Amino acid sequence: MFYDFKKIEKKWQKVWLDSHAFAAEISPTRKKYYLLEMFPYPSGKIHMGHVRNYTIGDVASRFKVLEGYNVMHPMGFDAFGQPAENAAIKNKTKPDIWTHKCIKEMEVELKKMGFSYDWEREFSTCDSDYYKWNQWIFLKMFERGLAYKKASAVNWCSSCQTTLANEEVVDGGCWRCHTKVEQKDLEQWYLKITEYKERLLEDLGQLKQWPERVLAMQSNWIGKSSGVDIYFRLKASDKVISVFTTRVDTIFGATYIVLAPEHPLVKELIKGRPEEKEVLHFMDKVSKESKLVRTSSDVKKEGVFTGSYAINPVNNEEVPVWVADYVLMEYGTGAIMAVPTHDQRDFLFAREHKLPMRLVIQPPAVNRQQPTDDMTEAYEGDGIQVNSGQFDGLSNSEGKIKIAEWMEQKEIGKIQTHWRLRDWLISRQRYWGTPIPIIYCPKCGVVPVAYKDLPVELPKDAPFTGDGGSPLGKVKDFIQASCPKCSGPARRETDTMATFFDSSWYFLRFCSPKYNSAAFDVQEAKYWMRVDQYIGGIEHAILHLLYSRFFTKFFQDLKMVDFSEPFEKLLTQGMVLKDGQVMSKSKGNIVDPDSMIKDYGADSLRLFILFAAPPETELEWDQRGLEGAFKFLSRVWRIQENLKDKADGALVRIMHKTIKKVSVDFSEFKFNTAIASLMELTNAIYQLGADKEVFLNLVIMLSPIAPHFSEELWQILGNKESIFKAAWPAYNPKLLIEENVELVIQINGKLRSKLQVPRGISEDELKELVFKDDKLAVWLGSKQPKRFIVVPQKLVNIVV
RNA sequence: GGGCAAGUGGUGGAAUGGCAUACACGACAGACUUAAAAUCUGUUGGCCGCAAGGUCGUAAGGGUUCGACUCCCUUCUUGCCCACCA
């Protein structure tokens with residue numbers, strides 16, 4: 001009987017589905033385990049990235065099942081979003097119909113991989129049963145002032161005809177279509193994520209089981225920076241320019257200050273002055289530059305003098321006020337003090353415009369007091385304060401503290417923290433998303449939709465062509481509403497929510513997907529949350545994870561959850577490459593999982609993808625590797641035909657060693673080495689011959705990786721119940737201890753011999769044995785050993 | 001410019017202070033076969049040597065250590081993230 005994967009896989013997929021084999025329920029007696037992979041956008045076809053992500057999750061999940069945990073392993077679809085609109089236009093259909101067709105196809109593909117999902121919990125974010133709760137959450141945020149509308153310059157993608165969050169701008173382009181992002185003044189909806197900035201930063205410390213890399217990216221993104229706001233009074237008026245610096249120790253070297261071109265004081269400063277025309281011209285020029293050009297670091301810094309002077313509050317010196325493009329209005333106070341001697345950008349600018357410099361931090365071991373023409377670059381390191389009044393002689397790190405305190409005392413500065421994180425822009429001028437539940441009443445103004453009127457259903461028949469403007473604005477029945485407050489005629493909000501809103505809390509919805517009184521059932525969430533293991537791509541390291549952390553903290557404040565972080569442990573799986581490049585349609589190097597399943601079976605595909613690389617690293621696709629996986633399974637399959645009555649003692653020993661190794665490796669997600677030891681066990685079986693017990697243990701250990709295959713063998717060997725009702729094998733520690741150990745003998749750290757010695761041999765006995773060894777005598781000669789180092793059960797090193 | 005990660009045979013990778021290259025792919029040889037495929041059994045880092053064995057070898061250089069792929073320093077390369085961030 002050969003390994004007929006087609007028949008076997010079909011058979012067990014049906015059994016698992018029909019018996020709801022992986023449906024999860026609260027059980028007060030069993031320990032729960034919530035395993036979640038990032039849910040997919042339903043494009044219709046799964047790709048190798050999905051296969052890898054979900055295979056890793058499935059093995060972890062099935063392993064936990066075998067270990068006896070009460071496992072919840074759900075799956076759903078992140079179904080709103082622009083591609084469905086584009087596809088619908090292209091295929092002359094509707095996003096709704098298109099998306100549901102894609103979901104159906106994708107379900108089939110996921111089922112063909114044999115993933116152990118609890119399909120009872122499945123939902124799509126485009127179901128009104130789901131997005132109703134998006135609206136509910138939005139209203140809760142609105143009530144607390146966390147959702148608000150404001151006019152400001154926003155990122156605009158002209159190709160997608162919609163706004164973008166800061167997080168969605170990548171290298172100055174749209175994260176989805178790479179079109180250059182423009183700035184546009186628009187009234188938009190924001191979520192006040194900045195209100196949670198301290199907690200979002202601080203709680204990163206709780207995430208001990210997240211990759212360092214992701215923590216660093218999140219912390220960079222939040223961008224806390226501590227320093228001092230310093231007040232420069234203008235010479236000609238009593239107006240004050242506030243500048244932010246992290247290097248207050250260099251304040252005595254501030255020889256000019258620079259405003260961002262958008263700074264509100266600029267126009268006032270230049271009014272009626274001879275410089276007015278030139279400055280206005282400069283401001284106009286900068287405003288036309290895209291952010292991409294302006295922020296690229298190799299562009300020369302340009303600026304103009306305003307004609308005004310300000311007073312440096314620490315020494316009452318007059319310093320000129322400039323306007324330059326390298327100062328950004330969005331960061332800090334939109335104004336800086338320039339210290340050319342100790343900041344490279346200031347240095348280049350000062351040299352270009354012949355502005356004065358003064359050294360205030362003396363670099364160690366350099367005998368130079370004045371700055372100076374021979375400086376070729378700014379000195380940004382540590383040193384001793386000079387030219388700094390009463391602070392001379394302090395180290396600059398002391399100076400930083402003392403000067404800040406002194407300035408606060410004299411009320412010429414304030415210790416201050418600035419953040420990079422901005423509020424989250426969530427409104428989109430698109431159709432296929434959750435309608436924002438707001439009504440504009442001519443009398444009452446901005447009024448939230450009443451909870452009882454949720455959901456605000458997305459009309460099925462919006463005329464959208466992709467030519468811009470919000471499609472919902474063209475649906476008369478939708479726009480017309482009555483004001484929830486005064487019942488008068490009113491107009492409905494036509495923007496929809498960014499889809500990242502949908503995915504910021506779906507992990508909570510999985511706990512009670514059909515719950516109908518709130519976004520989720522607090523009791524169910526109490527049992528299942530937090531997510532014990534979350535698995536997904538590194539591309540979500542900032543956006544999705546940051547937003548999900550924010551929502552969780554919001555629910556904590558609503559007292560709906562009693563924790564502040566949603567994901568206990570995070571694994572970011574590496575990309576799947578072919579010929580050294582990421583698989584992508586445009587590169588034409590896609591390998592279609594479906595055809596691989598057809599040729600080799602889902603189990604072989606799963607095995608290969610786990611064996612070829614550790615989960616976190618990139619994986620190079622190798623067709624021969626997949627064939628190898630199939631051959632290995634076939635090799636294991638054939639063992640059943642040659643089982644002995646009793647296995648050799650040596651083999652039993654190897655089996656126990658393998659159980660230990662595989663157990664540890666599985667819990668640490670080291671699937672590649674787990675598989676290697678299963679292969680070693682298989683090789684040993686081919687040498688020594690196995691009995692039924694050894695073979696069944698091998699099959700159980702393979703079952704998380706190749707579930708259909710193992711289930712079939714389990715049944716063939718006479719078991720009635722599913723293999724996933726079996727217990728994970730235990731190893732006998734006594735069998736791992738061998739009587740004789742092989743010791744490596746080194747001389748001066750070089751391997752010279754090996755000795756079989758009894759376990760627990762004394763050092764003196766060992767010495768005697770070692771000096772009897774002929775091989776070593778050659779090396780030792782007549783030399784007297786200086787040291788004799790013994791690492792028990794491992795090695796001896798003789799130093800001569 | 002800043003931060004983080006990585007660099008090991010022909011290839012994917014293993015070893016995180018103690019036998020470098022486990023396991024696999026590929027290659028080569030043998031068995032089976034009329035033959036091929038499949039399968040099974042070997043060999044497979046470089047150099048020297050008939051062999052026993054020796055010697056070099058984990059990006060480069062230095063250091064710590066009885067002992068370093070592993071720890072520390074310097075440099076190079078690659079990848080990722082952030083970035084005129086004050």
Side-chain angles (χ1 to χ4, degrees), chain A residues 2 170-171 211-221 223-225 227-228 230 243-248 250 254 257-258 260 294-301 324-328 330-339 342-346 348-349 380 418-420 538-539 541-542 574-575 577 608 611-614 616-629 631-632 634-635 638 670 672-680 682-683 686-687 742-754 775 778 785-791 793-800:
Chain A
F2 72 107
V170 178
D171 288 337
E212 283 283 337
R213 196 151 80 105
V214 175
L215 294 176
M217 280 158 75
Q218 293 245 329
S219 148
N220 273 339
W221 190 264
K224 181 180 184 174
S225 126
V228 179
I230 301 171
V243 306
F244 176 64
T245 183
T246 53
R247 287 294 305 271
V248 72
T250 64
I257 66 178
V258 191
R294 193 170 152 190
T295 57
S296 72
S297 46
D298 35 296
V299 168
K300 199 161 104 189
K301 299 159 193 3
D325 59 357
Y326 75 96
V327 177
L328 304 175
E330 305 91 87
Y331 189 76
T333 59
I336 62 157
M337 64 173 201
V339 185
H342 303 296
D343 181 285
Q344 185 62 13
R345 284 159 305 165
D346 296 342
L348 294 173
F349 191 83
E380 296 182 339
H418 286 274
W419 302 75
R420 219 185 73 95
I538 187 77
E539 66 274 19
I542 296 172
M575 304 234 189
L577 311 181
F608 162 71
F611 182 55
E616 304 85 356
T617 61
E618 290 176 335
L619 183 150
E620 175 71 29
W621 180 261
D622 177 12
Q623 192 70 26
R624 292 186 196 268
L626 176 59
E627 282 169 37
K631 281 186 192 171
F632 170 68
S634 306
R635 197 165 140 90
R638 285 191 297 271
K670 293 178 180 170
N672 55 333
T673 50
I675 292 167
S677 23
L678 291 172
M679 285 171 167
E680 282 178 85
T682 303
N683 291 343
Y686 266 76
Q687 305 267 331
E742 189 182 62
L743 284 192
V744 169
I745 316 296
Q746 297 181 329
I747 292 171
N748 290 337
K750 280 197 197 276
L751 171 71
R752 292 304 179 198
S753 181
K754 289 178 186 180
K775 278 193 209 147
V778 180
K786 274 196 221 143
R787 284 183 70 177
F788 193 84
I789 295 149
V790 181
V791 182
Q793 268 117 83
K794 266 189 185 157
L795 132 164
V796 171
N797 189 16
I798 305 162
V799 187
V800 293

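Since the model is a prediction, treat every value here as computed from it, not as a measurement. Numbered from 1 within each chain, the chains take letters A, B, ... in sequence-line order.
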Exercise for the section: Kindly say if A:Gln218 contacts the phosphate of B:C4, meaning a side-chain N or O under 4.0 Å from OP1 or OP2. Expected result: no
Practice task
Pick the C1' atom in B:G1 and in B:G13, then give their distance to the nearest Å.
Solution key: 35 Å
Problem - Assigned partner base of B:A22, Watson-Crick or wobble definition, under 3.5 Å - result: none
Practice task
May I ask you to check if A:Arg635 and A:Tyr686 form a cation-pi contact, with NZ or CZ under 6.0 angstrom from the six-membered ring centre and within 45° of the axis?
Solution key: yes
Practice task
Mind checking A:Val744 for me? I need base, sugar-phosphate or nothing, with any heavy atom below 4.0 Å counting as a touch.
Solution key: base
Exercise for the section: Specify the residue among A:Gly625 and A:Ile336 whose closest nucleotide of RNA chain B lies further upstream toward the 5′ end. Expected result: A:Gly625
Exercise for the section: Give a yes/no answer on whether the side chain of A:Asn672 brings an N or O atom under 4.0 Å of OP1 or OP2 in B:A14. Expected result: yes
Exercise for the section: Determine the Euclidean distance between corresponding C1' atoms of B:U77 and B:U58; express it in Å to zero decimal places. Expected result: 16 Å
Completion exercise
B:G7 -> Watson-Crick or G-U wobble partner, both distances under 3.5 Å, gives B:C76
Practice task
Please state whether the phosphate of B:A68, meaning OP1 or OP2, lies under 4.0 angstrom from any side-chain nitrogen or oxygen of A:Lys750.
Solution key: no
Problem - Opposite nucleotide pairing with B:C69, Watson-Crick or G-U, both atom distances under 3.5 Å - result: none
Exercise for the section: May I ask which nucleotide in the shown strands pairs with B:A15, Watson-Crick or G-U wobble, both distances under 3.5 Å? Expected result: none
Practice task
Check whether any side-chain N or O of A:Arg213 sits under 4.0 Å from OP1 or OP2 of B:G79, and answer yes or no.
Solution key: no
Handout entry: Same-atom distance (P) from B:A59 to B:A20, integer angstrom
Key = 16 Å
Practice task
Ignoring backbone atoms, test whether A:Arg345 places a side-chain nitrogen or oxygen under 4.0 Å from the OP1 or OP2 oxygen of B:G1.
Solution key: no
Exercise for the section: Check every strand shown and say whether A:Asp343 touches a base, only sugar-phosphate, or nothing at a heavy-atom separation below 4.0 Å. Expected result: nothing
Practice task
Could you pick out which residue, A:Leu795 or A:Arg624, lies toward the 5' side of RNA chain B when each is mapped onto its nearest nucleotide?
Solution key: A:Leu795
Fill in the blank from the handout: Scanning all shown strands, the Watson-Crick or wobble mate of B:C84 with both distances under 3.5 Å is none
Practice task
Please tell me which of the listed nucleotides, B:C25, B:C81, B:C23, lies nearest to the side chain of A:Asp622?
Solution key: B:C25
Handout entry: Contact under 4.0 Å: A:Asn797 side-chain N or O vs B:U65 OP1/OP2
Key = no
Problem - Geometric class of the A:Phe349/A:Tyr326 ring pair [parallel <30°, tilted 30-60°, perpendicular >60°] - result: tilted
Practice task
Counting Watson-Crick and G-U wobble pairs only, both distances under 3.5 Å, name the nucleotide matched with B:A29, or none.
Solution key: B:U41
Practice task
Just call it for A:Gln746: base, sugar-phosphate, or nothing, with non-hydrogen atoms closer than 4.0 Å on any strand.
Solution key: base
Problem - Atom P, compared across B:U44 and B:C23: separation rounded to whole Å - result: 12 Å
Fill in the blank from the handout: Separation of B:G13 atom P from A:Phe611 atom CZ, nearest Å, is 11 Å
Problem - Check ion pair A:Arg345-A:Asp343 (N to O, under 4.0 angstrom) - result: yes
Exercise for the section: Would you indicate what A:Ala612 reaches in the nucleic acid, counting non-hydrogen atoms under 4.0 angstrom: base, sugar-phosphate, or nothing? Expected result: sugar-phosphate
Exercise for the section: Look up atom NZ in A:Lys670 and atom CD in A:Glu616, then write down how far apart they are to the nearest 0.5 Å. Expected result: 9.5 Å
Problem - Pairwise C1' distance for B:G62 and B:A68, with rounding to whole Å - result: 14 Å
Completion exercise
Under a 3.5 Å limit on both distances, the Watson-Crick or wobble mate of B:U55 is B:G46
Practice task
Compute the centroid of each ring, for A:Tyr331 and then for A:Trp419, and state whether the two points are separated by less than 6.0 Å.
Solution key: no
Problem - Integer angstrom distance from the P of B:C69 to that of B:G9 - result: 14 Å
Practice task
Report the glycosidic orientation of B:G42: syn if within 90° of 0, anti in every other case.
Solution key: anti
Practice task
Take atom C1' in B:G2 and the same atom in B:G10, then report the distance between them in whole Å.
Solution key: 39 Å
Practice task
Would you mind pulling out the nucleotide paired to B:A36, Watson-Crick or G-U wobble, both distances under 3.5 Å?
Solution key: none
Exercise for the section: Ignoring backbone atoms, test whether A:Arg752 places a side-chain nitrogen or oxygen under 4.0 Å from the OP1 or OP2 oxygen of B:U55. Expected result: yes
Handout entry: Pairwise P distance for B:G61 and B:U8, with rounding to whole Å
Key = 16 Å
Practice task
For A:Glu618, answer base if it contacts any base atom (sugar-phosphate contacts may also be present), sugar-phosphate if it contacts only those atoms, and nothing otherwise; contact means non-hydrogen atoms under 4.0 Å.
Solution key: sugar-phosphate
